[in-house]
K.L.:
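Sending over a structure as structure tokens; questions will come in a sec.
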Amino acid sequence: MRGHSHRAGRTARKRRQKHESSARSVSLCHQPQHVKLWKFLHHRGFSSTLLQPALFTDTGRGLQTLRTIKPGQLIISLPESCLLTTSTVLHSYLGRYIKSWKPRLSPLLTLCIFLVCERHRGEASDWFPYINVLPTVYTCPAYFSDDVMALLPASVRRRALEQREAVKEMHSTNQEFFRSLQPVLSQPTADVLTYEALRWAWCSVNTRTVFMSHASSSFLSGPDNYALAPFLDLLNHRPDVQVKAGFNDVTRCYEIRSVSGTLRYQQAFINYGSHDNQQLLLEYGFVTTANPHSVVYVDTDLLCDVLRGDRSLTQKIKFLRENSFLHHQWKAVLLGQLVCEEREQWSVRMAKSLCQRLLQDTCSALDKVSHLLQQCEQPIREQLNVVKSLRQEERCILGSCLKALEESLRHNDSPLGAVN
């Protein structure tokens, strides 16, 4: 929720309206776990007559409007008592263990440990109604198998592997603190605070928290901007939606206000920020179609391979990287800015070669995804479908770029293009 996307044009709006009218939904408000969540929130001072949980054919779970939401209207106001923050944890039965521990724990780890312990407590937990509606697995890279990880584009694969290793390191380096919690657990800490449990909690925090600044605590290490927001976290992301969101210090509620409004019985969306699909996959475990922020990253190794005939390539790459100018001239060419005609032709040819190599890699990955989908089980299938969506979006981008570059070369090679 840290940014807003640009307004969509008329064509995009018509496409979105057609998509919305074709998407179907089924109310979830009568399901036992959602009834319990509603009672839990109502007891803490929250109520809503505008939204209800529903299952949508295009996005899965989300929130459906019960009345038309007007531009500027407040769509949700969640009291502070409903938010799960590090303050919640420090005031819980875990508080004295965390406060006395050295070195200090991070806010992220603190929330993760609390989620794992509360899930272990089951219905005895005050937060059980919320934890019971959280996903049991995620499609974040931390969950990806090696086979699925290998199908990611090189640039995102490196960051995905780093994410997975970061979660493993968080688990392995905090074993001593985990063991200190044995007095509050009914089973051995090694059976409760497992890598799999911590991974689940890490993904829950990483994908579902809202940004909320907290005063620094002498008992924790590092900045604390996390808040888990039950019910509110059912709102899905769409890049063309604009909202105003944040904690209201006067009402002591986390509030979301619509900018453009939403029709009755449609899904209400928010905007997680101006993220491309690779960033959405890494941080939230999904991608969106027709994302105006989507890009295809060119890996430096591939760039060097395509340009290997350039004798001064090493020095150029070093200079461009150090000054954050990598691909700057190609960007100028693609935007139609004037450069040396010979250099422009060279740049377009090299960009075309890059597009062809990237497109070949993307199509090869999609073939492998299709093959694996025929023989895998459900958890892996969900991971593959996310990678498939990312690769399909990149195939569209690369196809459009390649077409534009080929047209540019044909124009410049023609007699008329030469005269102009």
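Values in this document were obtained by computation on a predicted structure and should not be read as measured data.
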K.L.:
Judged by atom type as modelled, is there a donor-acceptor pair below 3.5 Å linking the side chain of Ser92 to the main-chain atoms of Val89?
P.N.:
yes

K.L.:
Give, for atom CG of Leu105 and atom OG1 of Thr86, the distance between the pair rounded to the nearest 0.5 Å.
P.N.:
11.5 Å

K.L.:
Go through the side-chain N and O atoms of Tyr138 and Asn206 and say whether any donor and acceptor fall under 3.5 Å apart.
P.N.:
no

K.L.:
Applying side chain to side chain contact (heavy atoms under 4.5 Å, CB included) to Cys29 and His34, what does each step give before you reach the verdict?
P.N.:
CA-CA 6 Å; Cys29 62; His34 286 284; 5.7 Å; no

K.L.:
Take atom CD of Glu169 as the centre, draw a 6.0 Å sphere, and report whether it contains more than 12 heavy atoms from other residues, nucleotides or ligands.
P.N.:
no

K.L.:
Are Lys352 and Leu402 close enough that some pair of their side-chain heavy atoms sits under 4.5 Å apart?
P.N.:
yes

K.L.:
Give the intermediate values and the outcome of side chain to side chain contact (heavy atoms under 4.5 Å, CB included) for residues Cys117 and Leu185.
P.N.:
CA-CA 8 Å; Cys117 291; Leu185 299 174; 4.0 Å; yes

K.L.:
Side-chain contact, heavy-atom cut-off 4.5 Å: Leu84 with Leu111?
P.N.:
yes

K.L.:
Between Tyr284 and Cys140, does the side chain to side chain contact (heavy atoms under 4.5 Å, CB included) criterion hold? Intermediate values first, please.
P.N.:
CA-CA 6 Å; Tyr284 303 104; Cys140 298; over 6 Å; no

K.L.:
Any side-chain to backbone donor/acceptor pair from His214 onto Tyr226? Under 3.5 Å, distance only.
P.N.:
yes

K.L.:
Report the distance from atom CD1 of Ile270 to atom CG of Leu235, rounding to the nearest 0.5 Å.
P.N.:
5.0 Å

K.L.:
Can Asn291 and Glu393 be counted as having a side-chain donor-acceptor contact under 3.5 angstrom?
P.N.:
no

K.L.:
Is atom NZ of Lys99 surrounded by more than 12 heavy atoms (other residues, nucleotides or ligands) closer than 6.0 Å?
P.N.:
yes

K.L.:
Determine, stepwise, if the pair Phe231 / Trp38 fulfils ring pair (Phe, Tyr, Trp, His ring centres under 6.0 Å).
P.N.:
CA-CA 8 Å; Phe231 189 76; Trp38 192 257; 5.4 Å; yes

K.L.:
Is the shortest heavy-atom distance from the side chain of Leu51 to the side chain of Leu66 under 4.5 Å?
P.N.:
no

K.L.:
For atom CD of Gln360, decide whether the heavy atoms of other residues, nucleotides or ligands shown that lie under 6.0 angstrom number more than 12.
P.N.:
no

K.L.:
Would you check if the side chain of Thr110 reaches a backbone N or O of Ser106 as a donor-acceptor pair within less than 3.5 Å?
P.N.:
yes

K.L.:
Side chains of Ser186 and His120 only: does a donor on one sit below 3.5 Å from an acceptor on the other?
P.N.:
yes

K.L.:
Taking the side chain as C-beta and beyond, is there a heavy-atom pair between Ile69 and Ser258 under 4.5 Å?
P.N.:
yes

K.L.:
What heavy-atom pair brings Ala142 and Cys203 nearest, and what distance separates the two atoms?
P.N.:
CB-SG, 4.2 Å

K.L.:
Tell me, please, whether Trp127 has Arg44 positioned over its six-membered ring: NZ or CZ under 6.0 Å from the ring centre and within 45 degrees of its axis?
P.N.:
yes

K.L.:
Would you please classify the geometry between the Tyr195 ring and the His171 ring as parallel, tilted or perpendicular, with 30° and 60° separating the classes?
P.N.:
perpendicular

K.L.:
Taking side chain as C-beta onward, heavy atoms only, is Ile76 less than 4.5 Å from Ser48?
P.N.:
no

K.L.:
When you compare the side chain of Leu109 with that of Phe177, does any pair of heavy atoms fall below 4.5 Å?
P.N.:
no

K.L.:
Keeping the roles fixed (side chain from Arg391, backbone from Leu366), state whether a donor-acceptor pair exists under 3.5 Å.
P.N.:
no

K.L.:
Do Gln279 and Arg159 have a side chain donor and acceptor closer than 3.5 Å?
P.N.:
yes

K.L.:
Run the side chain to side chain contact (heavy atoms under 4.5 Å, CB included) test on Leu78 and Leu83 for me, step by step, so that the C-alpha distance in whole Å, both residues' side-chain angles and the decisive distance to 0.1 Å come before the verdict.
P.N.:
CA-CA 8 Å; Leu78 195 66; Leu83 301 174; 3.7 Å; yes

K.L.:
Would you call Arg164-Asp146 a salt bridge at under 4.0 Å N-O?
P.N.:
yes

K.L.:
Taking all non-hydrogen atoms of both residues, which atom of Pro129 and which atom of Lys36 are closest, and how far apart?
P.N.:
CB-O, 3.7 Å

K.L.:
Does NZ or CZ of Arg121 come closer than 6.0 Å to the centre of the six-membered ring of Tyr93, within 45° of the ring's axis?
P.N.:
yes

K.L.:
Apply side-chain hydrogen bond (donor to acceptor under 3.5 Å, both in side chains) to the pair Gln64 and Ser25, showing each step before the final yes or no.
P.N.:
CA-CA 8 Å; Gln64 182 184 46; Ser25 62; 2.8 Å; yes

K.L.:
Given the rule in the side-chain hydrogen bond (donor to acceptor under 3.5 Å, both in side chains) test, do Asn236 and Gln267 qualify, once you have shown the distances and angles that lead to the verdict?
P.N.:
CA-CA 9 Å; Asn236 288 316; Gln267 182 172 184; 2.7 Å; yes

K.L.:
Evaluate the side-chain proximity of Leu390 to Leu152: yes if any heavy-atom separation is below 4.5 Å, no if none is.
P.N.:
yes

K.L.:
Roughly how far, to the nearest 0.5 Å, is OG of Ser27 from OH of Tyr265?
P.N.:
10.5 Å

K.L.:
Looking only at atom types and distance, does a side-chain atom of Arg61 sit under 3.5 Å from a main-chain N or O of Pro53, one as donor and one as acceptor?
P.N.:
no

K.L.:
Do any N or O atoms from the side chain of Thr65 and from the backbone of Leu263 form a donor-acceptor pair under 3.5 angstrom?
P.N.:
yes

K.L.:
Within a strict 4.5 Å, meaning less than it, do heavy atoms of the Val148 and Val387 side chains meet?
P.N.:
yes

K.L.:
With distance as the sole test, does Asn385 use its side chain to make a donor-acceptor pair with the main-chain N or O of Arg381 at under 3.5 Å?
P.N.:
yes

K.L.:
Could you grab the distance from atom OG1 of Thr207 to atom CG of Leu280, nearest 0.5 Å is fine?
P.N.:
12.0 Å

K.L.:
Does atom CD (Gln378) have a neighbourhood of more than 12 heavy atoms from anything else shown, all under 6.0 Å?
P.N.:
yes

K.L.:
If every non-hydrogen atom of Gln383 is compared with every non-hydrogen atom of Ser145, which pair is closest and at what distance?
P.N.:
OE1-N, 3.3 Å

K.L.:
Give a yes-or-no answer on whether the side chains of Asp276 and Ser294 include a donor-acceptor pair shorter than 3.5 Å.
P.N.:
no

K.L.:
Just by distance, no angles: are the side chains of Asn248 and Glu255 close enough, under 3.5 Å, to form a donor-acceptor pair?
P.N.:
yes

K.L.:
Decide if the gap between the ring center of Tyr130 and the ring center of Phe40 is smaller than 6.0 angstrom.
P.N.:
no

K.L.:
Rounded at 0.5 Å granularity, tell me how far CG in Leu198 sits from CD1 in Ile113.
P.N.:
7.0 Å

K.L.:
Search all heavy atoms of Ser204 against all heavy atoms of Leu134 and return the closest pair with its distance.
P.N.:
OG-CD1, 4.3 Å

K.L.:
Can you tell me if Thr139 and Glu382 form a side-chain donor-acceptor pair at under 3.5 Å?
P.N.:
no

K.L.:
Taking all non-hydrogen atoms of both residues, which atom of Pro79 and which atom of Phe46 are closest, and how far apart?
P.N.:
CD-CB, 3.7 Å

K.L.:
Using only atom types and a distance under 3.5 Å, with no angle test, would you say the side chain of Asn271 pairs donor to acceptor with the backbone of Val241?
P.N.:
yes

K.L.:
What's the shortest heavy-atom distance between His42 and Ser47, and which atoms?
P.N.:
ND1-CB, 4.4 Å

K.L.:
For Asp224 and Ser217, indicate whether the former's side chain and the latter's backbone hold a donor-acceptor pair under 3.5 Å.
P.N.:
no

K.L.:
Does Arg179 use its side chain to pair, donor to acceptor, with the backbone of Asn174 at less than 3.5 Å?
P.N.:
no

K.L.:
With rounding to the nearest 0.5 Å, note down the distance linking CG in Leu234 to CG in Leu63.
P.N.:
5.0 Å

